> 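Let me give you the structure first, and then I'll get to my questions.
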2 protein chains.
Amino acid sequence: MVTIGDVARVAGVSRSTASYALSGKRTISPAVVQRVLDAVDELGYTPNAGARALATSQTKVIGLLGRFLSDEFAPAMLQYILGVTNRAGELGYDTLLVSEEDGVNALKRLSTSRMVDGFVLLNVAEHDDRLGFLREALQPGATVGLPEQCDGIDVFDLDFVASGRIMVDAMADAGHRELILVSQPEHVVARGGAYVWRLADGAQARADERGIELHRYFGASSQPAIGEDLNRYLDTHPGATGLLLNNEAAAAALPSVLAARGLSSPADISVLGRYSDDFARTFSLPFSAVDSAADELGRRAVEQLVARIEGDPAGAAPHLVELIPPTIHDRGSIAPPPASRG
Amino acid sequence: MVTIGDVARVAGVSRSTASYALSGKRTISPAVVQRVLDAVDELGYTPNAGARALATSQTKVIGLLGRFLSDEFAPAMLQYILGVTNRAGELGYDTLLVSEEDGVNALKRLSTSRMVDGFVLLNVAEHDDRLGFLREALQPGATVGLPEQCDGIDVFDLDFVASGRIMVDAMADAGHRELILVSQPEHVVARGGAYVWRLADGAQARADERGIELHRYFGASSQPAIGEDLNRYLDTHPGATGLLLNNEAAAAALPSVLAARGLSSPADISVLGRYSDDFARTFSLPFSAVDSAADELGRRAVEQLVARIEGDPAGAAPHLVELIPPTIHDRGSIAPPPASRG
DNA sequence: CACCTGTATCGAACCGGTTCGACTCGACGC
DNA sequence: GCGTCGAGTCGAACCGGTTCGATACAGGTG
């Protein structure tokens, strides 16, 4: 393998001069720099990552810790992952992906062995056992998902409270007065998926303000249970004219449920979901939805992480808690309720 | 940070003795080994990955190169990825995930900088530009996906020819005589997705053998186009009683297409797909399908890669081309055709 | 008792980079 | 004509592991 020593020899200079010529950290005469660059080209030199990491204590790798739960909509995770890896690549970092069950252990291993310069944690729960260690680690960390305690880390998440509000607003503005909100199953909440509450509470608060009747349910996370759930909700509340979905399985199941009931959207019922654009595209869901902005969240987390890695350790910037504002992707599934139409 | 020098000092031995005590590569007295282990515990020592990589030329990291195409069903990739990362973890390796557009460049970078011990390539096309470099790289490589030239690498893929055969067999055994096969769109084939042809050819050959009429189509890869395609195929071939799907979008769209036509499966039409179990579960697709075995393929690729990394470089084992046999996951969507029933 | 063998340990070198301090040399000022 | 300065370069040390060769010492053998 070709080392910087080989480059130096071919260029006729010392190893240190070759190093400085490449890094530019000291002034080296243009002629020598050119000879070194030529030698690099000629030999096809690439620095050895391990040696550089050892010398500089910088690996140019970030650790990405997922939490892949079989009862969640796993494929959606890919969007977050790609957001992270793509942005990291643009910033000159590679990404080590860890899917290991025991996230705390993985975190410790990568941290103490100095394999990475920082961490991005995905799918962070309200009380996440990985955070305790992360705060004490030598490397900085950023999360996608809002934990209860945010000190010492940079936090990124969708603003779920605002999401709940604008979902109710969108329906109320169209004239709806009675809505059904289908959330994720209760065990997602129990596991720390606080976003379920955050969205529901935001929706409830806004519904109260505007005098809207809101029926809240936890739906199942898979077929056929969720299909039955949806039918039951619709049977129970015949006066409801709008359906809010914070549950991917419900969104996927709804087209056939509506078809079976002989309903169509938005003519008979207005629908507004909360899922990623990618999810909608793949399954051609015809419903407007608050975008989960997976890609953007992943990108923002990496950007902030890299800023902290490369930033002045002395004047450490205060930690962020960034809740990105929700946007509705309009697919035309909201219209005034049937009764109000001429 | 705590180094092996610290451990040695606390244990009262030299650095080399501490190293041997931990690696077991030379005999060290039990008493000393214990003192070293105690020191490790006391200080919380973990070897520095960069230093170890430099000294041993082994990083214990494998590079995973995806190819994420926006017009393919991206979320399915996650199953392959998790198969790789999970199995790698079990074998003591971490995984560097690269999503970079320019796969060749990424491969070169990771290879020449010695960041990884080997590569797993996903979504490998028939003529994949990454393979040329991979063959010449210092590190071994395994692919998921069958290229035309397999020399110098280990190749894993689903046996698509056999898949085509058993799909036709399953229908023929149930008494069907006229089938429609909906494949991926033609541009997937053009890009090198040879599995489309492999499955179709296997199906055609078996259909010819058994005197079955097979109508072959390339369907669109998204709604609403694929829905219209499906309706057209069904209109064109009113005598067809069985539907074979090698197209995820078609599978996702079929339930609503059938509902709209007032058909149900398997009473009116038998359906057999080819997609992952995970895909079926997530979207509650009620159709039997040949499983794409993403998880298993990822795991097998890693196992073989690690065997090659750690294997005797002298007696290099011959390279594998492993096509794993298809299995049908029965979800009850195949029944005898209506006409044949009493 | 000299000799050999095997066990247990140590010191030094090495992996391939980066970085610090010192040195040379020419230009410049007085 | 001597001291100063800055540009350009070199040698050596260092990062934190692993590994080779040498050494010390114990026990067994003739």
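From a predicted model like this one, the values you see are computed outputs, not experimental measurements. These numbers come from the heavy atoms of this one structure, side chains and all, not from hydrogens, waters or symmetry mates.
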> What pairs with A:K108 under salt bridge (charged side-chain N to carboxylate O under 4.0 Å, His left out), at least two apart in sequence or on another chain?
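A:K108 satisfies salt bridge (charged side-chain N to carboxylate O under 4.0 Å, His left out) with no other residue.
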
> Does a side chain donor of either B:Q34 or B:D38 reach within less than 3.5 Å of an acceptor in the other side chain?
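Note: B:Q34 and B:D38 side chains meet the donor-acceptor criterion.
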
> Extract all donor-acceptor atom pairs below 3.5 Å that involve side chains of residues 140-150 of chain A and protein atoms in other chains or at least two apart in sequence.
from   : atom 1 : to     : atom 2 : distance (Å)
A:T143 : OG1    : A:G145 : O      : 3.0
A:E148 : OE1    : A:H127 : NE2    : 3.3

> Determine which pairs satisfy salt bridge (charged side-chain N to carboxylate O under 4.0 Å, His left out) with at least one residue from residues 3-18 of chain B, sequence neighbours left out, and list them in order.
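For residues 3-18 of chain B, and leaving out neighbouring residues, the salt bridge (charged side-chain N to carboxylate O under 4.0 Å, His left out) pairs sorted by first residue read B:D6-B:R9.
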
> Looking at DNA chain C, which of residues 31-61 of chain B put a heavy atom within less than 4.0 Å of it?
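Hits under 4.0 Å, by residue number: B:V32, B:L54, B:A55.
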
> My understanding is that only residues two or more places apart in sequence, or in another chain, count here; which of them pass salt bridge (charged side-chain N to carboxylate O under 4.0 Å, His left out) with A:D41?
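With sequence neighbours excluded, A:D41 shows a salt bridge (charged side-chain N to carboxylate O under 4.0 Å, His left out) to no residue whatsoever.
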
> Using side-chain contact (heavy atoms from CB on, under 4.5 Å) as the criterion, list what pairs up with A:S16, not counting sequence neighbours.
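Only A:S14, A:Y20 meet the side-chain contact (heavy atoms from CB on, under 4.5 Å) criterion with A:S16.
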
> Taking C-beta and beyond as the side chain, do B:L121 and B:F119 meet within less than 4.5 Å on heavy atoms?
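Of all side-chain heavy-atom pairs linking B:F119 with B:L121, at least one is under 4.5 Å.
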
> Between A:T17 and D:dT9, is there a side-chain N or O to OP1/OP2 distance below 4.0 Å?
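Negative; the distance criterion is not met.
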
> Can you give me the first and the last nucleotide of DNA chain C (5' to 3') that has an atom within less than 4.0 angstrom of a non-hydrogen atom in chain A?
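From 5' to 3', the first and last contacting nucleotides are C:dG16 to C:dA22.
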
> Under a 4.5 Å cut-off applied to non-hydrogen side-chain atoms, are A:V306 and A:E310 in contact?
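Yes, their side chains come closer than 4.5 Å.
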
> Tell me which pairs pass salt bridge (charged side-chain N to carboxylate O under 4.0 Å, His left out) where either residue lies in residues 112-128 of chain A, with sequence neighbours left out.
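For residues 112-128 of chain A, and leaving out neighbouring residues, the salt bridge (charged side-chain N to carboxylate O under 4.0 Å, His left out) pairs sorted by first residue read A:D128-A:R130.
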
> Does B:L91 reach the side chain of B:V302, with side-chain heavy atoms less than 4.5 Å apart?
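Yes; the side chains approach each other to less than 4.5 Å.
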
> Would you mind telling me which residue lines up with the more 5' stretch of DNA chain C, A:S19 or B:S14, judged by nearest nucleotide?
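The residue closer to the strand's 5' end, by nearest nucleotide, is B:S14.
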
> Which protein N or O atoms sit under 3.5 Å from an N or O of nucleotides 20-23 of chain D?
from   : atom 1 : to    : atom 2 : distance (Å)
D:dC20 : N4     : B:Y20 : OH     : 2.9
D:dG21 : N7     : B:R26 : NH2    : 3.1
D:dG21 : O6     : B:R26 : NH1    : 2.2
D:dG21 : O6     : B:R26 : NH2    : 3.2

> Can you list the residues that meet the salt bridge (charged side-chain N to carboxylate O under 4.0 Å, His left out) rule with B:D159, with sequence neighbours excluded?
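Salt bridge (charged side-chain N to carboxylate O under 4.0 Å, His left out) list for B:D159, sorted by chain: empty.
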
> Going by atom types only, do B:Q79 and B:S276 share a side-chain donor-acceptor pair under 3.5 Å?
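Per modelled atom types, B:Q79 and B:S276 side chains form no pair under 3.5 Å.
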
> Could you list all the salt bridge (charged side-chain N to carboxylate O under 4.0 Å, His left out) pairs where at least one residue sits in residues 18-29 of chain A, not counting sequence neighbours?
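As it turns out, there is no salt bridge (charged side-chain N to carboxylate O under 4.0 Å, His left out) pair with a partner in residues 18-29 of chain A once direct neighbours are skipped.
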
> Within the pair A:T27 and D:dG8, is there a side-chain N or O less than 4.0 Å away from OP1 or OP2?
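For A:T27, the contact criterion (side-chain N or O under 4.0 Å from OP1 or OP2 of D:dG8) is met.
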
> How bent is the helix from C:dC1-D:dG30 to C:dC30-D:dG1, comparing axes over its five end pairs at each side, to the nearest 10°?
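Rounded value for the end-axis angle: 60°.
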
